[in-house]
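Step one of this worksheet: look at the structure below.
As the structure lists them, so they are numbered: ligands from 1, and atoms in each ligand from 1.
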Amino acid sequence: MKFRSIKGTHDILPGEVHRWQFAEEAVRSAMHSFNYLEIRTPAFEETALFSRSIGELTDIVGKEMYTFADRSGTSLTLKPEMTASVIRAYIQNNLGEQQPLVKVYYIAPMFRQERPQAGRLRQFHQFGAEAIGSAGPAVDAEIIALSARVYESLGLRNFAVRINSVGCRECRPAYRKLLTGYLRERRDQLSEESLRRLEQNPLRILDSKDEGDRRATKDAPLMIEHLGPECSGHFEGLKSMLSAAGVTYEIDGRIVRGLDYYTKTAFEITSSDLGSQDALAGGGRYDLLVKDLGGKDTPAVGFAAGMERLLMAMEKQPHDANEPPHPTVFIASADEKARELVASLVLKLRSKGLATESDLLGRSLKSQLREANRQNSDRLIVIGSEEIEKNRVTVRGLLSKDEFSIPLDRVADELPSRLKEK
Ligand code: HAM
């Protein structure tokens, strides 16, 4: 019987992992330059944490969570997103008592049982950030600028920042009533899915991809046209701060996020280099969540972005990338007698931090040399009875073609510094 990975999950193989590490380094560097510290939370949490924060009626909670009872009967769920986990950790560890504004970031795997397609997986990876403790639009602007910074720093150009405000508990109910009335009059044009949403979550109908829904909602009232004075002032503040920060953005009154916790700012970053799953990142403000989860009334804002989608977008245009790691030195044994000496020399060089490789498969000298080239080793040393007898080896560059010789018994001491000089 042959086992295969579960549908919608992927192995990240040794030949491609350097691309991930390169992107992760860019994420970390952007996060640190904005003074965000990393937080790591467990892979699973109590199910109720997610249903309460993301919302019982959302697709994520209703259809997509990996939920199971553990052996003691507790209902657990693999993280479908990080925000709920971060807020749980924030409350549990009293992070807000240590400082008034807590700024954290993460890079972690998430799990959602969605229909797999390009850019949509069941185990995917998100990077993201949460800033907990400030109500003002300056933090919203910082979060948006930070997310855009990651893409800019990787040389991506074909992305757009789209912002909206989804109002708050004060102004949203009246708007919702208005929208529901508008949509009820156009019931016959709505898709089945939207009819189901009409009474429970009518705002989601605005971002439906169905043609009929799109026609029906073409002139629908939008939340940004009906914001109360506080939300409207916040949105104006955000716009001017983004402009001051030099972040190019569009206003898109149809952004309705797929999670229920948002208040005021909601935003997405989309890429024209991706197919139908074009959202690189999404986020917004969630001022009620900390209190809803049992903490003090604390405003917060954040974003999360798909790593796989970032890597897909990077593939579509030229960008900097790092080389896969390779040995600095390959030491080949010219005969059987040299093998033991080579093995101990390899260990000595490795302990000095030099990436060193040798043959472990008993191969002929010729195929050892082929292997050194295949592995893109920078240098090659061949050791045999002649080198041992004369106490002298030649260090040959495989790409550079330069070479020098040193005493065999000085290799471990001298080679690392000799190579550093080069
Ligand atoms: P989200 O929009 O559900 O938001 O996910 C954010 C990003 O994760 C998406 O834009 C997409 O790039 C990626 N993503 C989501 N689902 C998948 C999937 N099945 N396969 C591949 N990539 C996917 C959140 O998760 C919120 N927690 C964001 C947030 C943070 N809001 C405030 N703070």
(Q) With a sphere of 6.0 Å drawn around NZ of Lys291, does it hold more than 12 non-hydrogen atoms of other residues, nucleotides or ligands? (A)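 Atom NZ in Lys291 is not packed in, count stays at 12 or less.
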The side chain to side chain donor-acceptor pair (under 3.5 Å) partners of Glu16 (sequence neighbours excluded) come to none
Rounded to the nearest 0.5 Å, the OH atom of Tyr261 sits from the CG atom of Asp287 at a distance of 13.0 Å
Problem - Evaluation steps, salt bridge (charged side-chain N to carboxylate O under 4.0 Å, His left out), between Lys352 and Asp413 - result: CA-CA 9 Å; Lys352 303 233 158 132; Asp413 288 324; 3.3 Å; yes
| query | What residue pairs, at least two apart or across chains, pass side chain to side chain donor-acceptor pair (under 3.5 Å) with a residue in residues 214-226? | reply |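 Passing the test, one end in residues 214-226: Thr217-Arg254.
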Show the atom names and distances, to 0.1 Å, of all donor-acceptor pairs under 3.5 Å that link a side chain in residues 242-251 to residues at least two apart or in another chain.
residue: Ser243; atom: OG; partner: Lys239; partner atom: O; Å: 3.0

Check: every ligand 1 N/O to protein N/O pair under 3.5 Å:
residue: ligand 1; atom: 2 (O); partner: Arg257; partner atom: NH1; Å: 3.1
residue: ligand 1; atom: 2 (O); partner: Arg257; partner atom: NH2; Å: 2.7
residue: ligand 1; atom: 3 (O); partner: Arg112; partner atom: NH1; Å: 3.0
residue: ligand 1; atom: 3 (O); partner: Arg112; partner atom: NH2; Å: 2.9
residue: ligand 1; atom: 4 (O); partner: Arg257; partner atom: NH2; Å: 2.9
residue: ligand 1; atom: 5 (O); partner: Gln126; partner atom: NE2; Å: 3.2
residue: ligand 1; atom: 8 (O); partner: Gln126; partner atom: NE2; Å: 3.2
residue: ligand 1; atom: 10 (O); partner: Ala279; partner atom: O; Å: 3.4
residue: ligand 1; atom: 12 (O); partner: Ala279; partner atom: O; Å: 3.0
residue: ligand 1; atom: 12 (O); partner: Leu280; partner atom: O; Å: 3.0
residue: ligand 1; atom: 12 (O); partner: Gly306; partner atom: N; Å: 3.0
residue: ligand 1; atom: 16 (N); partner: Arg112; partner atom: NH1; Å: 3.4
residue: ligand 1; atom: 19 (N); partner: Glu114; partner atom: OE2; Å: 2.7
residue: ligand 1; atom: 19 (N); partner: Leu121; partner atom: O; Å: 2.9
residue: ligand 1; atom: 20 (N); partner: Leu121; partner atom: N; Å: 2.9
residue: ligand 1; atom: 25 (O); partner: Arg112; partner atom: NH2; Å: 3.1
residue: ligand 1; atom: 25 (O); partner: Gln126; partner atom: NE2; Å: 3.0
residue: ligand 1; atom: 27 (N); partner: Glu81; partner atom: OE1; Å: 2.5
residue: ligand 1; atom: 27 (N); partner: Thr83; partner atom: OG1; Å: 2.9
residue: ligand 1; atom: 27 (N); partner: Tyr261; partner atom: OH; Å: 3.0
residue: ligand 1; atom: 31 (N); partner: Tyr262; partner atom: OH; Å: 2.6
residue: ligand 1; atom: 33 (N); partner: Thr83; partner atom: OG1; Å: 3.2
residue: ligand 1; atom: 33 (N); partner: Glu130; partner atom: OE1; Å: 2.8
residue: ligand 1; atom: 33 (N); partner: Glu130; partner atom: OE2; Å: 3.1
residue: ligand 1; atom: 33 (N); partner: Phe303; partner atom: N; Å: 3.3

